[in-house]
Amino acid sequence: MKNFLLASLLLVVSFVQAQTNDDFKNEAIEFIKLTGATSAFDAAIEQLGATVPAEKKEAYTKEAEGTLKTLYDQMADLYMSEFTQKEIKDLIAFYQTPLGKKLSSKQLQMTQKAMMLGQNWAMGVRDVANKYQ
C-alpha cells in the first residue's frame, strides 16, 4: 500500500511539473513571437525562397513554415535556460505595452542596421590590425 501511495504521489508530482514546464515553454514562445521574431522568420522564408519557381512557391512556403515549430521550441528552450518563468511573464507584459510594441516593430530593422555598423567597424579594426603586421 505504501508503494502504491508513493508511486501515485510521484506520478502526480511529475504531471504537475510537466504541466508547469509546458506552460513555461508556451509563455517563452509567446514572448519570442512578441519580440517580432515572426516577421524576421517570415522575411527569411521569403528571401530564401526567392528563387523557387512560382508554381512551387505555395508548397515551398507551406513546408518552410512547417519548420517554425521546431525553431520556436528550440528558442524557447534557450530562453527557459536563461530566464525564469516570472521573468518571461514580465517580458511578455513589457512587450504588450506601447513601448514594447514599438520596440518589437523596429527591432528587426534596427538589428539589420546594427549588423551593418558592426561589419563596418570590423573592417576598420581589420585595417588597424593590418597596419601592425
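Note that the coordinates shown come from a computational prediction; the quantities given were computed from them, not determined experimentally. Just so it is clear, the values below take in all heavy atoms, side chains as well, and ignore hydrogens, waters and symmetry mates.
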### Task
Show your working on side chain to side chain contact (heavy atoms under 4.5 Å, CB included) between Lys113 and Leu117 and close with a plain yes or no.
CA-CA 6 Å; Lys113 288 179 179 180; Leu117 292 172; 5.5 Å; no
### Task
Compare every heavy atom of Phe83 with every heavy atom of Phe24, then report the nearest pair and how far apart it is.
CZ-O, 3.2 Å
### Summary
Note: Lys102 and Ser105 closest approach over all heavy atoms is O-OG, 2.8 Å
### Query
Quick check: are there more than 12 heavy atoms from other residues, nucleotides or ligands sitting under 6.0 Å from CD of Glu63?
no
### Message
Show the nearest heavy-atom pair for residues Ile92 and Phe31, with the distance to one decimal.
### Response
CG1-CB, 3.8 Å
### Task
Could you verify whether a donor N or O on one side chain and an acceptor N or O on the other, from Thr35 and Tyr79, lie under 3.5 Å apart?
no
### Query
Taking the six-membered ring of Tyr72 as reference, does the NZ or CZ atom of Lys33 fall below 6.0 Å from its centre and within a 45° cone about the axis?
yes
### Message
With a sphere of 6.0 Å drawn around CD of Gln47, does it hold more than 12 non-hydrogen atoms of other residues, nucleotides or ligands?
### Response
no
### Query
Could you state the interatomic distance from CG (Asp23) to CD (Glu30), rounded to the nearest 0.5 Å?
11.5 Å
### Message
Any side-chain to backbone donor/acceptor pair from Glu46 onto Ala43? Under 3.5 Å, distance only.
### Response
no
## Note on the structure
Between the OG1 atom in Thr38 and the CG atom in Leu108, the distance rounded to the nearest 0.5 Å is 11.0 Å
### Distance, nearest 0.5 Å, that separates CG of Asp127 from CE of Met123
8.0 Å
## Note on the structure
Nearest heavy-atom contact between Ile32 and Ala37 is O-CB, 3.4 Å
### Task
Could you tell me which non-hydrogen atom of Leu34 sits nearest to which non-hydrogen atom of Tyr95, and how far apart they are?
O-CD2, 3.5 Å
### Task
Mind running side chain to side chain contact (heavy atoms under 4.5 Å, CB included) on Gln85 and Lys89 for me, showing each step along the way?
CA-CA 6 Å; Gln85 188 170 8; Lys89 286 180 180 185; 4.1 Å; yes
### Query
Taking all non-hydrogen atoms of both residues, which atom of Gly36 and which atom of Ser104 are closest, and how far apart?
N-OG, 3.4 Å
### Task
Go through the steps for Met80 and Ile88 under the test side chain to side chain contact (heavy atoms under 4.5 Å, CB included), then give the verdict.
CA-CA 8 Å; Met80 291 166 65; Ile88 292 292; 5.9 Å; no
### Message
Return the CG to CE distance between Leu103 and Met110, rounded to the nearest 0.5 Å.
### Response
7.5 Å
### Task
Check the hydrophobic clustering (I, L, V, M, F, W, Y; side-chain heavy atoms under 4.5 Å; chains of links allowed) and say if Leu71 and Tyr60 are grouped together.
yes
#### Entry: Lys25 side, atom NZ; Asp22 side, atom CG - distance, nearest 0.5 Å
8.0 Å
### Message
Within this structure, what is the CG-OG1 distance for the pair Leu48 and Thr61, rounded to the nearest 0.5 Å?
### Response
11.0 Å
### Query
Side-chain heavy atoms under 4.5 angstrom apart, residues restricted to Ile, Leu, Val, Met, Phe, Trp, Tyr: same cluster for Val52 and Leu68?
yes
